[in-house]
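One structure is given here, and the rest of the page talks about it.
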Amino acid sequence: MLKACEDYGPRGKVRMMVLENQRHAVEICDKLKKNPDDFEDLARDYSVEPNSRALGGAVPPIRKNSGAHEEIRKAAFRMKTAGEISGVIQVDVNQYVIMKYEGMTEPVEHDPKDVEAQLHEELLEREVQVMVASTFENLKKNARVDNYLTGESRLPDEQSAKGSVKGVGFERVIRQ
C-alpha cells in the first residue's frame with residue numbers, strides 16, 4: 001500500500017493493552033467484558049507497553065489504510081459500539097492485544113488535487129526506486145570482479161561457464 005494512502009480514510013479510536021501471557025490476557029479480557037469501564041485501570045496495571053500503559057491504554061487512532069498489524073486493524077474496524085472489547089488478539093509470539101473501541105474520529109476533508117499530487121509524487125518515487133534497484137542488480141550480475149588480494153576473479157553470471165587460465169601469482173580470467 002502507498003504510504004500516502006495511510007493519511008486518508010477512516011480512523012478508529014481505541015484503547016489498547018499489550019500482554020505477554022495468553023492465559024493472563026484471557027482472564028483480563030473476561031473481566032473487561034463484564035466491566036469495560038475498568039479498561040484504563042487494567043491497562044495501567046497490566047500492559048507491558050510502557051507508552052500506552054502510562055496513558056491507560058490510549059494510542060493514536062488506527063487508520064484503516066495504515067501499516068498497523070493487520071489483525072489489530074481488522075479488529076479495530078470490526079467493532080461498532082463504543083465500549084466494545086475486542087477479545088484477545090495474538091500479534092506475535094507471547095504478545096497479545098486487547099482493545100476497547102471508543103468510536104471513529106471526525107473525517108478530515110482533503111482537496112482532491114493535493115491528494116492526487118501527493119500520490120503521484122509517491123508513485124513516481126516508488127517507480128524510480130524499483131528502476132534503481134533493478135539497474136543495480138543488473139550491474140552486479142554483469143560485473144567482472146577481480147580481487148587482487150586473494151587472487152580470485154568472478155565473471156558475470158552469463159560468462160561464468162567460460163574458461164580461466166592460471167597467471168603469475170593469481171588466477172587470470174580471459175573474457176571472450
Side-chain angles (χ1 to χ4, degrees), residues 1-140:
M1 177 150 312
L2 295 175
K3 182 183 175 308
C5 287
E6 294 178 7
D7 296 336
Y8 308 104
R11 296 174 296 168
K13 293 189 291 186
V14 298
R15 288 190 178 267
M16 184 183 314
M17 70 172 77
V18 181
L19 304 154
E20 294 178 323
N21 178 295
Q22 183 179 16
R23 183 182 52 78
H24 192 232
V26 170
E27 289 172 6
I28 290 175
C29 189
D30 289 342
K31 287 180 186 179
L32 289 169
K33 295 230 181 203
K34 292 175 188 166
N35 192 0
D37 294 334
D38 289 346
F39 194 96
E40 289 181 47
D41 293 333
L42 291 173
R44 282 189 186 97
D45 292 341
Y46 297 110
S47 184
V48 297
E49 202 285 308
N51 295 326
S52 65
R53 177 183 184 156
L55 300 170
V59 294
I62 295 177
R63 296 174 184 271
K64 189 166 188 165
N65 301 317
S66 75
H69 192 281
E70 183 178 356
E71 292 304 316
I72 291 173
R73 195 173 62 245
K74 283 180 182 178
F77 285 91
R78 209 175 10 248
M79 296 184 285
K80 301 294 179 204
T81 308
E84 186 176 346
I85 302 298
S86 68
V88 177
I89 305 162
Q90 183 171 3
V91 294
D92 204 356
V93 177
N94 295 325
Q95 193 171 47
Y96 304 89
V97 167
I98 302 170
M99 292 186 295
K100 177 182 177 184
Y101 184 71
E102 296 186 328
M104 299 296 288
T105 62
E106 289 296 317
V108 177
E109 295 296 323
H110 299 280
D111 182 2
K113 292 202 183 291
D114 291 341
V115 173
E116 181 181 355
Q118 184 178 4
L119 290 174
H120 182 270
E121 195 173 301
E122 187 174 324
L123 279 171
L124 186 61
E125 177 64 26
R126 182 174 286 180
E127 219 174 278
V128 167
Q129 289 175 357
V130 167
M131 289 172 37
V132 166
S134 174
T135 300
F136 183 69
E137 286 302 313
N138 283 336
L139 286 171
K140 282 186 353 184

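All residue numbers refer to positions in the sequence shown, counting from 1. Values below: all heavy atoms of this structure, side chains included; hydrogens, waters and symmetry mates excluded.
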Which value, rounded to the nearest 0.5 Å, describes the distance between [X] atom [atom1] and [Y] atom [atom2]?
| X | Y | atom1 | atom2 | result |
| --- | --- | --- | --- | --- |
| L119 | L124 | CG | CG | 12.5 Å |
| L19 | E27 | CG | CD | 10.5 Å |
| I89 | K74 | CD1 | NZ | 11.0 Å |
| M99 | K13 | CE | NZ | 15.5 Å |
| L123 | E116 | CG | CD | 11.0 Å |
| D37 | K100 | CG | NZ | 5.0 Å |

Side-chain ion pair, E137 and K140, N-O less than 4.0 Å: yes

Salt-bridge present (K80, E84; N to O < 4.0 Å):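 The answer is no: the pair does not qualify as a salt bridge.
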
What closest approach, in Å, do [X] and [Y] show between heavy atoms, and which atom pair accounts for it?
| X | Y | value |
| --- | --- | --- |
| I98 | A25 | CD1-O, 3.4 Å |
| Y101 | T81 | CD2-O, 3.3 Å |
| A43 | G57 | CB-N, 3.7 Å |
| I28 | M17 | CG2-SD, 3.8 Å |
| V14 | M79 | CG1-CE, 4.3 Å |
| R73 | R63 | CD-O, 3.5 Å |

Beyond-backbone contact of K64 with P10, side-chain heavy atoms, under 4.5 angstrom: yes

Side-chain heavy atoms of M16 within contact of I72, under 4.5 Å: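 Heavy-atom side-chain distance check passes, below 4.5 Å.
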
Residues in side-chain contact (heavy atoms from CB on, under 4.5 Å) contact with E20, at least two apart in sequence or another chain: V48

Those residues that, when tested against Q90, pass side-chain contact (heavy atoms from CB on, under 4.5 Å) (two or more places apart): Y96

Heavy-atom donor-acceptor pair, S47 side chain to V18 backbone, under 3.5 Å: yes

Any donor-acceptor N/O pair, R15 side chain to E40 backbone, under 3.5 Å: no

For K31, salt bridge (charged side-chain N to carboxylate O under 4.0 Å, His left out) partners two or more places apart: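 K31: no salt bridge (charged side-chain N to carboxylate O under 4.0 Å, His left out) contacts found.
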
ring-ring contact (aromatic ring centres under 6.0 Å, His included) partners for Y46, two or more places apart: H24

All pairs passing salt bridge (charged side-chain N to carboxylate O under 4.0 Å, His left out) where residues 45-58 contributes a residue, at least two apart: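 Every candidate salt bridge (charged side-chain N to carboxylate O under 4.0 Å, His left out) pair involving residues 45-58 fails, so no pair, neighbours aside, qualifies.
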
Enumerate, atom names and distances included, each donor-acceptor pair closer than 3.5 Å involving a side-chain atom of residues 129-136, sequence neighbours excluded.
residue : atom : partner : partner atom : Å
Q129    : NE2  : E125    : OE2          : 3.1
T135    : OG1  : M131    : O            : 2.9

